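Structure first, commentary second.
Note that this is a predicted model, so its numbers are computed, not measured. Just so we're on the same page: letters track the sequence lines, and every chain starts at 1. Values reported hereafter were calculated over all heavy atoms of this structure, with side chains retained and with hydrogens, waters and symmetry mates removed.
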Amino acid sequence: MEMEKVYDSKRVEEKWVKYWIENKTFSSKIDKDKKSFTIVIPPPNVTGSLHMGHALNDSLQDAIIRFRKMQGFNTLWVPGTDHGGIATQTVVEKLLKKEGKTKYDLGREKFVKKMWQWRQETGDTILDQLKKLGCGLDWDRTRFTMDEACSKAVKRAFKQFYDKGLIYRGKRLVNWCPRCNTALSDIEVEYHPEKGNLWYIKYPIKNSNDFLTVATTRPETMIGDTAVAVNPNDARYKDIVGKTIILPLVGREIKVVADYIVDMQFGTGAVKVTPAHDNVDYEIARRHNLEILEVIDSNGNMTNLVEKYKCMPAKEAREAIVSDLKEQGYLIKIEDYSHSVGKCYRCGTTIEPIMSEQWFLRVEEMSKRASQVAKNDKVKFYPASWKKPYTLWLDNLRDWCISRQIWWGHRIPVFYCIDEKGDKTSCPPIVEQNTPTKCPNCGNTHLVQDNDVLDTWFSSAMWPFSVFNWGEKPDNEELKYYYPTGVLVTGHEILYLWVARMVQMGLEFLDDIPFSDVFIHGIVRDKHGLKMSKSKGNVINPLEIMNEFGTDSLRFALSQSAAPGRDMQISNDSFLAARNFANKIWNASRFIFMNKGNIEVPQEPIVKETSDKWILDEYNKTIKTVTYSFEHYDIDVVSRTLYDFVWTKFCDWYIELSKIRMTSINIEEKRQVLSVLIYILKGTIKMLAPIMPFICDELWSILNNTKESIVKSSFPIYNEKFVFSNEANQMAIVQEIVSKIRNVRSEMNISPAAFITTKINVLDESKLPVVDFNKNYIKALGKIKNLIIGKNIAREKNSALTVATGLEIFIPLEGLIDIEKEKTRISKEIKNIILEQEKYNKKLSNPNFIAKAPKTEVERIKQKLLDTQSKIATLKETLKNYEK
RNA sequence: GGGCAGUUAGCUCAGCUAGGGAGAGCAUCUCCCUUACAAGGAGGAGGUCGCAGGUUCAAUCCCUGCACUGCCCACCA
């Protein structure tokens, strides 16, 4: 088997994507001997195609799934897509528009059929892209939020809610999107600051020449005012509360009410109250039993409240009303004013609060429970800082408007008994999981279904159990085995929209949390820290990155900055560094593989030398950190720890040291070092496999000459027998000496190819055996042909000097030494050590330090001071000799 | 208005949940195509750890206040 000199990601990725799918590597079935670990994918909308957000979200889930699988769990990651309600309907509507048609031209039935057709044709694009990303999903379980099982779950849930009295229909103030022509829930409204005006209007007091001035941002709604509100503590208006106002332009009489909600500081302290078009006003109206008059209808046009403005679009009506107010002397002034305006989260259109007949879900009880499980940490957040916002939101939640006036979605499973004329009879609505054929009340077979569909998030909220056929059979074995899931991985933007509701519904229907952990990752931003968006043109397409740098590089780069809750800035540099890392692993493996040849190497490492023990000690520590970090979703730490171990420990030092034994003609010597190299390499790629699955599976198959995926192997476990602190200390000394020698070589322009003579004068006698024992390492890494170690070795003329802790190192130079250069170098070294020394002196001259700091700390600093003193003495002595 | 993050080398970020050596990658400078890797190796330069106080023998780390940046929530007439 030949390995390419440069890792060929394309060849390898194609191979393994196919392998994992064909071999059903990630399929799961009930195995009661194993504990389950489940993740349900946050289902991407069928309209979607893979963007960086998905790439991050799904790479992280895949890493967790692969890790847990290797840890021995029976893992299951359920794939699927979301029908995406309004968003998806909008996409298809746009397609129709290109043909010059609207959904009304087709009619409901044909339009929905077209939606399904579209979904069939293009809806799985993103799933194919997830396959390319390497996601270890159980593809045979692919679900869709509108497939039969999910539909059954929705109907079951609706009926249970309804029977419990939690779902009700009523006319309430709702958020209405005039473009989507539907009601939205409170969290589907996004608030953006917008420049507008503040109009100050005179409201005359009845039987008086006096008037109140109100300030408003929406003058057109004034014709629907049913009160003016002031703060009860406002001295200015003390006598006016309870008086009657004549509403300008309309002439209707309205009362002045006192309500604590009014801010005395704002505007004039007097608020016009339009209950039908403002949340606050609606609440004031409820508290004071005010009449609710609708001014604007669902099309955004004026109602017939005032004949003159009837049917006018609200925007025109504003101009007309302002102009009329001005004309009649009611308008005092207009100020510029910037305030937040609600926008539809799907299309950005300004939301119009209007009165509308809708279905609502009572959430008070569910919210309490969902909040409670977070408070007592049954559901844990990573990072924990999201716990508070989550509970705060739930603790202040209002009823959820669940009906939407669109056609794409789960139609509300409520049927009405109708008479011959098509009018609803007095029979109660019929709510059944199975479509009813006749009215249970009167036996009539003329039934009609409610026109509305459910909020897309209603079905999403049931995703963790609807995918296990809860709708069909609420107590089935799979549900019992796989639910609750292990972790929910998501960005914070759908924490309320989705996560909180899954917890509510899970507790409601299964009496159990849907997941014990919520891992909230950040947002992928561009290199300037800006959110990626099509309009900014700063979108990085993950598919292009996969193509250019390799999928493992994309995954590694993302994971490397995926600290819980932190946004990340990425650029090509990140992917480039990751690609280089992949190549490094590839070549380290190539080196080991080539050297192995046909040599039989035992599975267990043969531990002989200091370096063996040192690297095993480092490897062992790495296992500990990586495992802990995986379990706590610190995926960034996992990646960085492995990067550091592979590059700076394994490659830079151990592999370099291994070359001494590798070139030996003694086959046993080679076998021994190979046993350690291979042992560590295999363990390392196991740890890396969850993040870089392609290259690791490829290397695994080469090293083991196997066709079994690496995810079927077990994750390395921390092992007490590989703790070698003594050897770790020895290696630290070796590394210090080698670095010092390299430094001198570099600064004195000694060719990297040249072999040199080096003498080490050991001042600290305890170090003599260590240095002597490991002299081969120093020779190899310092490129030394002649190494002399001893006590009382004197520096000969024409040799460069450097000092390490307890040691003096002399490097005799060929020919004449450049004295000026050497003097500069030594002076610099002295300067650095003096800086260090000053710190120690300062500490030790502080009597409080001696008295109060721990004895070990004082001793440590004293020792350090002695070291620096000795080093400086040596260096200065040498410098002095040059001066002569 | 309330809350949550962040502020460390030119850039991207670790370190802060054990207070006692300020680190990595990229960029930059010097040397090297040394038979795993030039997508590489060796070495260097670069930081008063946002500001001001406090606790402590000792603060990048703990506490308080402030500034700036970003995000979330809100009853912004």
Side-chain angles (χ1 to χ4, degrees), chain A residues 3 5-7 191 193 198-199 214-218 221 228-229 259-263 266-274 278-284 337-341 383 385-386 388-389 392-393 396 492-493 495-496 522-523 525 527 529 549 560-561 563 565-571 573-574 576-595 636-637 640 643-644 647-648 651-652 655-656 659 663 738-739 742-747 749-754 781 783 828 836 839 842-843 846-854 857-858 860-861 864:
Chain A
M3 286 175 77
K5 198 170 170 181
V6 170
Y7 170 58
Y191 290 87
L198 205 51
W199 284 269
V214 300
T216 179
T217 53
R218 304 203 56 193
T221 63
V228 171
D259 196 289
Y260 71 90
I261 208 165
V262 178
D263 178 0
F266 192 94
T268 60
V271 190
K272 66 190 260 320
V273 180
T274 322
D278 185 278
N279 278 311
V280 183
D281 294 5
Y282 186 72
E283 276 180 32
I284 295 175
Y337 183 61
S338 180
H339 63 135
S340 284
V341 177
S385 55
W386 277 105
K388 197 175 164 188
L392 263 178
W393 185 78
N396 296 292
H492 63 77
E493 64 275 5
L495 182 66
Y496 309 134
I523 295 167
R525 296 171 179 277
K527 65 172 165 185
F549 298 95
Q560 210 180 3
S561 20
R566 298 282 307 266
D567 288 355
M568 58 199 76
Q569 287 174 232
I570 54 162
S571 65
D573 285 349
S574 332
L576 196 69
R579 186 202 62 176
N580 293 352
F581 180 52
N583 198 47
K584 188 76 181 176
I585 300 160
W586 180 259
N587 274 293
S589 307
R590 192 163 75 98
F591 169 78
I592 294 167
F593 184 73
M594 283 181 343
N595 276 285
D636 59 321
V637 177
R640 276 198 301 270
Y643 183 97
D644 182 59
W647 209 306
T648 16
C651 292
D652 286 353
I655 288 187
E656 288 310 315
K659 287 175 180 173
T663 50
V738 170
S739 296
R742 282 170 170 173
N743 176 293
V744 172
R745 291 184 63 123
S746 181
E747 302 237 334
N749 289 339
I750 298 170
S751 155
L781 299 176
K783 280 229 158 193
K828 195 176 84 183
E836 206 184 325
K839 276 190 280 188
K842 202 178 153 195
K843 281 200 172 195
N846 178 354
N848 284 327
F849 175 71
I850 308 287
K852 294 190 178 174
E857 179 62 16
V858 177
R860 198 179 66 89
I861 299 297
K864 291 232 175 205

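The line from CD1 of A:Ile523 to CG of A:Asp567 is 4.5 Å long, rounded to the nearest 0.5 Å.
Candidate nucleotides B:rA5, B:rC57, B:rC71 were compared by shortest atom distance to the side chain of A:Arg566, and B:rA5 ranks first. Side-chain proximity of A:Lys828 to B:rC31, B:rG44, B:rG25: nearest is B:rG44. With B:rA36, B:rA39, B:rG3 as the candidates, the nucleotide lying closest to the side chain of A:Cys651 is B:rA36. Considering only the side chain of A:Tyr191, B:rC76 comes nearest among B:rC76, B:rG21, B:rA45. Closest contact between the side chain of A:Phe266 and the listed nucleotides B:rG20, B:rC76, B:rA36 involves B:rC76. The side chain of A:Ser385 lies closest to B:rA5 when the candidates are B:rG20, B:rA5, B:rG43. Of the candidate nucleotides B:rC76, B:rG41, B:rG43, B:rG41 has the atom nearest to the side chain of A:Asp652. With B:rA36, B:rC76, B:rA5 as the choices, the nucleotide that has an atom nearest any side-chain atom of A:Tyr337 turns out to be B:rC76. In the set B:rG20, B:rC71, B:rU30, the nucleotide with an atom closest to the side chain of A:Ser746 is B:rU30. With B:rC57, B:rG43, B:rA77 as the choices, the nucleotide that has an atom nearest any side-chain atom of A:Asn743 turns out to be B:rG43.
For B:rA36, its base sits under 3.5 Å from the side chain of A:Glu656 at one donor and acceptor pair at least. You'll find a donor-acceptor pair under 3.5 Å spanning the side chain of A:Arg579 and the base of B:rA39, going by distance alone. For A:Ser340 against B:rC76, a side-chain-to-base donor-acceptor contact under 3.5 Å is present. Evaluation of atom-type donor-acceptor distances gives a pair under 3.5 Å for the side chain of A:Lys584 against the base of B:rC37.
The pair A:Lys839-A:Glu836 does not meet the salt-bridge criterion, since no charged nitrogen lies less than 4.0 angstrom from a carboxylate oxygen.
A distance of about 14 Å separates the C1' atoms of B:rA59 and B:rG21, rounded to the whole Å. For the P atom pair drawn from B:rA18 and B:rU8, the interatomic distance equals 24 Å after rounding to whole Å. Straight-line distance between the C1' atoms of B:rC4 and B:rU30: roughly 47 Å, to the nearest whole Å. One C1' atom belongs to B:rU64, the other to B:rU55, and the distance between them is 11 Å to the nearest Å. For B:rG23 and B:rG65, the C1' atoms lie 30 Å apart once the distance is rounded to whole Å. Taking atom P in both B:rA39 and B:rA27, the straight-line distance is 11 Å, to the nearest Å. Annotation: B:rC29 and B:rA9 have their C1' atoms spaced 15 Å apart (nearest Å). Nucleotides B:rA77 and B:rG19 place their P atoms 49 Å apart, quoted to the nearest Å.
With RNA chain B read from its 5' end, the first of the two nearest nucleotides for A:Trp393 and A:Leu576 is the one closest to A:Leu576. Each of A:Ile570 and A:Pro854 lies near RNA chain B, and the nucleotide nearest A:Ile570 is the one positioned closer to the 5' end.
Under the 30°/60° scheme for interplanar angles, the aromatic rings of A:Tyr337 and A:Phe266 are found to stand perpendicular. Relative ring orientation between A:His492 and A:Trp386 is described as parallel, the plane-to-plane angle staying below 30° on a 0-90° scale split at 30° and 60°.
Look at B:rG53: its Watson-Crick or wobble partner, with both distances under 3.5 angstrom, is B:rC63. Using N1 to N3 plus N6-O4 or O6-N4 for Watson-Crick, or N1-O2 and O6-N3 for G-U wobble, each under 3.5 Å, B:rC26 pairs with B:rG10. In this structure B:rA5 sits in a base pair with B:rU69, meeting the Watson-Crick or G-U test at under 3.5 Å. Pair assignment for B:rG47: none, as no Watson-Crick or G-U wobble contacts are both less than 3.5 Å. Base pairing of B:rA18 is not made with any nucleotide, judged by Watson-Crick or G-U wobble geometry with both donor-acceptor distances under 3.5 Å.
In this structure, A:Phe591 and A:Cys651 have side chains that are not in contact, with every pair of non-hydrogen atoms separated by 4.5 Å or more. A:Arg218 is not listed as a side-chain neighbour of A:Lys272, based on a closest heavy-atom distance of 4.5 Å or more.
Rounded to whole Å, atom P of B:rC37 lies 18 Å from atom CZ of A:Phe581.
In the displayed structure, A:Lys842 atom NZ is contacted under 6.0 Å by at most 12 heavy atoms of other residues, nucleotides or ligands.
Contact annotation: A:Lys388 does not reach the phosphate of B:rG2 (side-chain N/O to OP1 or OP2, under 4.0 Å). OP1 and OP2 of B:rA36 both lie 4.0 Å or more from every side-chain N or O belonging to A:Asn595. For B:rA36, one of the phosphate oxygens OP1 or OP2 lies less than 4.0 angstrom from a side-chain nitrogen or oxygen of A:Lys659.
Among the protein residues, A:Ala582 comes within range of no part of the nucleic acid, since none of its heavy atoms lies under 4.0 Å from any strand.
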